[in-house]
Amino acid sequence: MMDFSKFSDDSFDVKDWVNAAFRAQRDSPGNKDAHAATLVMKLQLFIQEVNNSLEEISQQALTNLPRVIRETEAVRQEAIFLKEQMMMVKEDIRKVEENTAHSMKVLVELDAIKSRIQSMSVALEEADNWTKLSADVEEVFQSQDVHAISSQLVKMQKSLKMLSDTADYEDRCSHLEGLKNRLEAVVSPQLVAAFNSHNLESAQMYVRIFSDIERLQNLQSYYFKCHKATLLQSWQDIVNIDPNQSLQDTLPKLYDQLLSTWQSEVQWCNQVFSEPVNVTATLVIQVLYSLEPSLPACIQAALEDTPSQLNTLISLRQITMRFAKSIEASLEKTSGTYNEDVITQLVRTIHSPYLPYLLQYSTLQEQHLNDQLRTVHLETEQQEVIDCVRLMGQSVSKLYSIANSAVEQCMAFTSGCGVCGLQKALTAYFTVYTSEFIRVLQALRVKCNIDEVKVSSGEIKEDWTLFQHALRILQTCGDLLLHQRDFQDQLCVAVLEHTEALQDSSSQEKPSRFQHYNYLSVDSPTEYDLLMGTVTGLREGLVEDLLCDVTEAVQKLNEHAHKFAFDIVFCQLQQQLANVHSMEIWGSDAAGGEVLPSFSLSPMEYITKIGQYLMTLPQQLEPFHHQDNPALEAALQAGKLPFQDKNETHEVDHVADFWLGSIARGTMLTYLEAILKIPKMTDYGRKQLAADIDYVCNVLDALGVPANKDLKGVAALLQASSTEFDDVSKDCPPKVVNIVKAMRMV
């Protein structure tokens with residue numbers, strides 16, 4: 001059997017079909033020609049069959065075509081007839097509307113008149129009912145039956161609602177309110193007694209009565225007065241029992257009393273009122289606002305008697321936060337709904353005594369930090385160098401211990417809302433410290449006579465003790481840099497952790513506002529926006545340093561310390577070079593008037609002292625190579641030296657060479673400036689100066705420091721003869737050439 005179904009496939013391939021047909025012949029694989037002939041014959045028969053089928057189908061289609069045309073025409077005629085019928089119906093509807101419009105208008109007016117008549121009838125009935133009820137109300141009041149009185153007032157209240165359009169409606173309202181007041185006066189003693197004794201049955205009865213006469217708020221006012229008086233008297237007893245006790249002692253007692261009242265009253269009110277949480281929360285709010293003496297006054301008095309206002313405030317607020325947390329826990333266990341606005345007001349009332357201080361947190365924190373900073377000493381009265389250096393080193397750990405405490409104080413007192421104020425306070429705190437550090441450095445410079453360049457013709461002092469002290473100061477600066485980096489990282493982590501609740505406004509855990517009261521969003525929206533911008537910048541990596549001004553100040557301090565250490569070494573060289581320009585030898589002739597060859601001249605004493613001093617530097621800088629001191633390494637990596645080569649980088653492994661290079665460059669530049677001040681010189685003088693320059697260049701070459709190009713140029717100009725001068729001067733700066741030319745009077 002041949003499979004002809006594949007001819008209808010979209011992906012039909014002739015070659016594949018033929019190959020498949022030949023593969024199917026397995027019995028006689030050698031007789032392919034016969035199989036091909038058979039296959040062709042079958043295909044021809046299949047084609048003939050398909051052609052016959054097509055002819056038959058075409059003939060049927062031609063036969064049915066007239067009938068399809070007739071049926072299509074019939075459908076079209078029916079559609080035209082339906083359209084005409086629809087037009088006729090539409091016209092009939094229009095005529096009906098035109099003919100009956102007036103009648104419908106009359107019917108509408110009659111219906112309106114009927115409604116007004118019915119309303120008037122009801123109003124007249126209610127007016128008659130009001131009159132009867134008003135006439136009987138006095139008799140009902142005389143019966144002293146509370147239920148009957150309330151029932152009578154409810155009926156009058158219902159009648160009055162139907163008489164809202166009458167002329168004497170206001171008078172009737174006033175009359176009804178007066179009757180309600182009389183009922184309150186009648187039941188108030190029993191009502192107060194029921195609330196004071198927690199008589200559940202009586203309280204429930206009065207709640208129903210007052211709800212029916214629409215005076216439930218008045219009943220709640222009686223409830224508040226009863227319990228508020230008890231709680232206020234309890235606060236008076238707590239305060240007066242011992243006038244000398246601190247607020248830290250009395251405040252927990254008040255909160256314990258309020259918490260106990262909250263827990264008991266919520267359970268009782270749950271059986272009396274429809275919204276027990278709202279009622280109990282309102283009671284606590286009224287009590288907190290009515291305390292005498294008030295909590296703000298007590299806090300102010302407590303702050304007047306304490307050396308540390310911020311610590312006292314934190315201690316008091318922690319007591320309040322524990323109370324808020326207990327209220328939150330109780331609220332979570334309470335079933336039923338409550339008004340969000342009432343809970344928000346409760347939260348605000350609990351935290352409101354601290355609001356003025358929270359808004360002034362930055363000032364309070366800065367004052368506290370300044371007080372703590374006075375305990376960090378950087379110098380002694382005698383101002384001895386070794387004591388100052390020791391105090392500087394000891395100050396770093398104290399400095400950042402105080403700063404870390406400030407971060408903890410901020411989070412404990414403001415729950416993260418005071419981050420911007422903390423930034424300001426810490427910036428001011430570190431600014432005062434760095435300024436004082438720099439002042440002490442300046443005082444040490446004066447004490448060590450670093451800035452006084454005196455002419456010295458004696459030996460260079462080989463006492464390197466002061467330089468070792470300077471290295472310890474550099475180590476202190478490195479310690480500051482390391483502490484600052486760690487502190488900055490810890491500050492960022494603390495800020496993100498404690499401000500997470502402030503940002504997560506979509507959280508459904510509403511009671512969390514008891515613990516994370518966001519006072520900024522209401523009382524200081526500008527600072528709140530600033531805080532959110534800072535936190536968002538931290539989260540997204542746009543802000544990396546919350547104390548960038550402090551980081552810059554510490555870096556500046558490190559640069560001052562570098563200059564101090566550098567000048568200690570360099571001042572000795574400056575003193576040796578201070579009188580070079582005024583030496584008489586430059587204008588003198590050789591002894592005996594003979595012209596000596598250049599190689600016979602020896603360097604002068606001043607330059608040999610400088611050379612020897614420079615040769616001792618590697619030994620003094622050796623600690624840079626061998627000390628395992630992360631703080632010193634951090635200071636040296638971040639520091640900048642005078643006469644620093646802009647193209648040179650100072651890695652820790654080569655910092656000694658870096659220092660040596662800066663000192664050598666400073667020496668060469670200072671020497672060059674001194675040389676260029678020489679007014680004139682003889683041939684002997686210029687040869688002597690050239691010998692001196694060659695000597696110092698050789699010393700620098702031995703130290704691995706390339707000589708200054710201008711200095712070598714001066715030596716070349718000094719050594720050149722009058723005829724060679726112009727050729728040599730081509731490689732030298734014009735300014736140097738002109739000065740040397742004037743010296744030599746070429």
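This structure is a prediction, so every number in the text was calculated from the model and none was measured.
Between R665 and N708, every side-chain heavy-atom pair lies at or beyond the 4.5 Å cut-off. Residues L546 and L538 have side chains in contact (heavy-atom distance under 4.5 Å, counting atoms from C-beta outward). For the pair L641 and W659, the minimum side-chain heavy-atom distance is below 4.5 Å. For the pair L531/L520, a side-chain contact is recorded, criterion being any heavy-atom separation below 4.5 Å from C-beta on. Residues F564 and L474 form no side-chain contact, since every pair of their non-hydrogen atoms from C-beta on lies 4.5 Å or further apart. Under the 4.5 Å side-chain criterion, counting only non-hydrogen atoms from C-beta, R445 is not in contact with C571. Counting only heavy atoms from C-beta outward, the side chains of I693 and V714 approach each other to under 4.5 Å.
A centroid separation of less than 6.0 Å is found between the aromatic rings of F570 and F643.
Note that CG of L482 and CG of D486 are 7.0 Å apart. Values are rounded to the nearest 0.5 Å. Of the inter-residue distances, the one linking Y519 atom OH with Y361 atom OH reads 8.5 Å to the nearest 0.5 angstrom. Atoms CG and CG, on L313 and L358 in that order, are 8.5 Å from each other to the nearest 0.5 Å. Put simply, CD on Q442 and NZ on K447 are 15.5 Å apart, with the number rounded to the nearest 0.5 Å. Taken to the nearest 0.5 Å, the CG atom of D694 stands 9.0 Å off from the CG atom of L711. With values rounded to the nearest 0.5 angstrom, Q688 atom CD is found 10.5 Å from I607 atom CD1.
Of the possible polar contacts, one joining the T375 side chain to the Q372 backbone as a donor-acceptor pair under 3.5 Å is found. Of the possible polar contacts, one joining the N738 side chain to the P734 backbone as a donor-acceptor pair under 3.5 Å is found. For Q484 (side chain) and V550 (main-chain N/O), no donor-acceptor pair under 3.5 Å exists by modelled atom type. With Q318 contributing its side chain and A412 its backbone, the two residues share a donor-acceptor pair below 3.5 Å.
Using cut-offs of 30° and 60° on the angle between ring planes, the pair Y671 and Y606 is perpendicular.
In terms of heavy-atom proximity, Y429 sits nearest to L399 at OH-O, 2.7 Å. Heavy-atom minimum distance, A635 versus C477: CB-C, 4.3 Å. When all heavy atoms of G416 and M411 are compared, the closest pair comes out as CA-SD, 3.8 Å. Annotation for L422 and A406: closest pair CD1-O, 3.9 Å, computed over non-hydrogen atoms. L660 approaches P618 most closely through the heavy-atom pair CD2-CG, 4.3 Å. The heavy-atom pair separating A707 from K712 by the smallest distance is CB-CD, 3.6 Å.
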query: Hey, mind stepping through T427 and D549 against side-chain hydrogen bond (donor to acceptor under 3.5 Å, both in side chains) and telling me if it holds?
result: CA-CA 7 Å; T427 300; D549 292 340; 5.2 Å; no
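A 6.0 Å sphere centred on CG of L496 holds more than 12 heavy atoms belonging to other residues, nucleotides or ligands.
For the side chain to side chain donor-acceptor pair (under 3.5 Å) with Q409, the lone residue among T414, N404, N311 that qualifies is N311.
With respect to E605 and K609, a salt bridge is recorded, a charged nitrogen being found less than 4.0 Å from a carboxylate O. Note on R439 versus E436: salt bridge recorded, some NZ/NE/NH1/NH2 to OD/OE distance being below 4.0 Å.
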